[in-house]
Structure formats: C-alpha cells, structure tokens
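Model, not experiment: these values are computed from the prediction.
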Amino acid sequence: QVQLVESGGGLVQAGDSLRLSCAASGRSFSRYAMAWFRQAPGKERDFVAAIRWSGGKTLYADSVKGRFTISRDNAKNTVALQMNSLKPEDTAVYYCAAVGPLAYYNDNDPPRTWDKYGYWGQGTQVTVSS
C-alpha cells in the first residue's frame, strides 16, 4: 500500500513555471513506477509523464515533451513534475499515481493509461492564464 499527496499547484501566467511534488508514504515506494496524469473539466484523465522505479527511464506525452520533466527521489519517497513554458491548455487537475510494487517496472515502461494505476493522490489544480 502507498498513500500519495500532491502539492505545488496554483495560478500562473502563460510562459511561467511550476513544480509539482508528490509525497508518498508506505512500504516499498522505490519499487513502484510513478506517473502524473491530468484532467481538465469535461475531459478524460490524460497521461502526462511516468518514471520507472529506478528512475532510469522517463516517458512523456507528446504535448509536454521538452517542457515538463519528471523525477523521483527514492530516499525521500517523492516524485516531482517540473513544468516549464506553461500554456493555457495545460490547465487541469494534476494527479500523482503509482503502479506496483513489481520488479517488472524496473525493466519495462510504466503504463500510459490511468486504469492500470492502483494508487492515486487527491489532485492539485494548475491554472494557466493567457
């Protein structure tokens, strides 16, 4: 079991940066693959970024590639999402998610679909004004 709590959301202008953080509690955090998803009003929950348990490989949605960076610190049980060059279309509630604990996710890419993740945070709102 792992519990997730996001922080760092807010209201910013287009072009600004934000850093989201997800604090995890529970056993074996380092053996979970971690991801960020986002959901805008009236839309599906979309994949944003993911990272293997070792942190050795990261995945990004095309819409954020080159602007967002996912990272993790297994010693501190945290995962972060650095968001640069924010756009109004990045406005959404951002969720931290975990899948595992399985050795599989050290050698294979985490899933990009939300229904594969068993653990979720409560979400943090990011609003980007034009």
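A disulfide bond (SG atoms under 2.5 Å apart) check over residues 45-74, counting only residues at least two apart or in different chains, returns nothing. Within the structure, the salt bridge (charged side-chain N to carboxylate O under 4.0 Å, His left out) test picks out no pair touching residues 92-102 (sequence neighbours left out). Note on residues 36-93: no pairs pass disulfide bond (SG atoms under 2.5 Å apart), not counting sequence neighbours. Under the ring pair (Phe, Tyr, Trp, His ring centres under 6.0 Å) criterion, the residue pairs touching residues 47-72 are F37-F47, with sequence neighbours excluded. For the disulfide bond (SG atoms under 2.5 Å apart) condition, no pair includes a residue of residues 32-68, sequence neighbours left out.
Under the salt bridge (Lys or Arg N to Asp or Glu O under 4.0 Å) criterion, D62 pairs with K65, not counting sequence neighbours. The side-chain hydrogen bond (donor to acceptor under 3.5 Å, both in side chains) test applied to K57 returns D109, not counting sequence neighbours. Annotation: side-chain hydrogen bond (donor to acceptor under 3.5 Å, both in side chains) contacts of T127 (sequence neighbours excluded): Q125. Remark: R112 pairs with no residue by the salt bridge (Lys or Arg N to Asp or Glu O under 4.0 Å) rule, at least two apart or across chains. Under the side-chain hydrogen bond (donor to acceptor under 3.5 Å, both in side chains) criterion, T78 pairs with no residue at all, not counting sequence neighbours. Remark: Y94 pairs with R38 by the side-chain hydrogen bond (donor to acceptor under 3.5 Å, both in side chains) rule, at least two apart or across chains.
One finds the OH atom of Y95 at 9.0 Å from the CD atom of Q122 (value rounded to the nearest 0.5 Å). In this structure, the separation between CZ on R45 and OG1 on T113 is 12.5 Å, given to the nearest 0.5 Å. Interatomic distance, CH2 of W114 versus OH of Y117, reported as 13.0 Å (0.5 Å rounding). Here I70 contributes atom CD1 and C96 contributes atom SG; the two are 8.0 Å apart, rounded to the nearest 0.5 Å. To the nearest 0.5 Å, atom OG1 of residue T69 and atom CD1 of residue I51 are 10.0 Å apart.
In this structure, the side chain of N106 does not engage the main chain of A103 through any donor-acceptor pair within 3.5 Å. Judged by distance alone, with hydrogens and angles left aside, the side-chain atoms of S54 form a donor-acceptor pair with the main-chain N or O of G56 at under 3.5 Å.
For the pair R31 and Y104, the cation-pi test (distance below 6.0 Å, angle within 45°) is failed.
Salt-bridge annotation for R52 and D107: absent, with no side-chain N of the basic residue lying under 4.0 Å from a carboxylate O of the acidic one.
L59 and V48 fall into different hydrophobic clusters, where Ile, Leu, Val, Met, Phe, Trp and Tyr side chains are chained together by heavy-atom contacts under 4.5 Å. Connection of V2 to M34 is established within a shared hydrophobic cluster, with ILVMFWY side chains joined at heavy-atom distances below 4.5 Å, either directly or through further cluster members.
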Run the side-chain donor-acceptor check on residues 14-26: report pairs under 3.5 Å with partners two or more places apart or on a different chain.
from, atom 1, to, atom 2, distance (Å)
D16, OD2, Q13, N, 3.1
S17, OG, N84, OD1, 2.9
R19, NH1, Q82, OE1, 3.3
S25, OG, Q3, OE1, 3.1

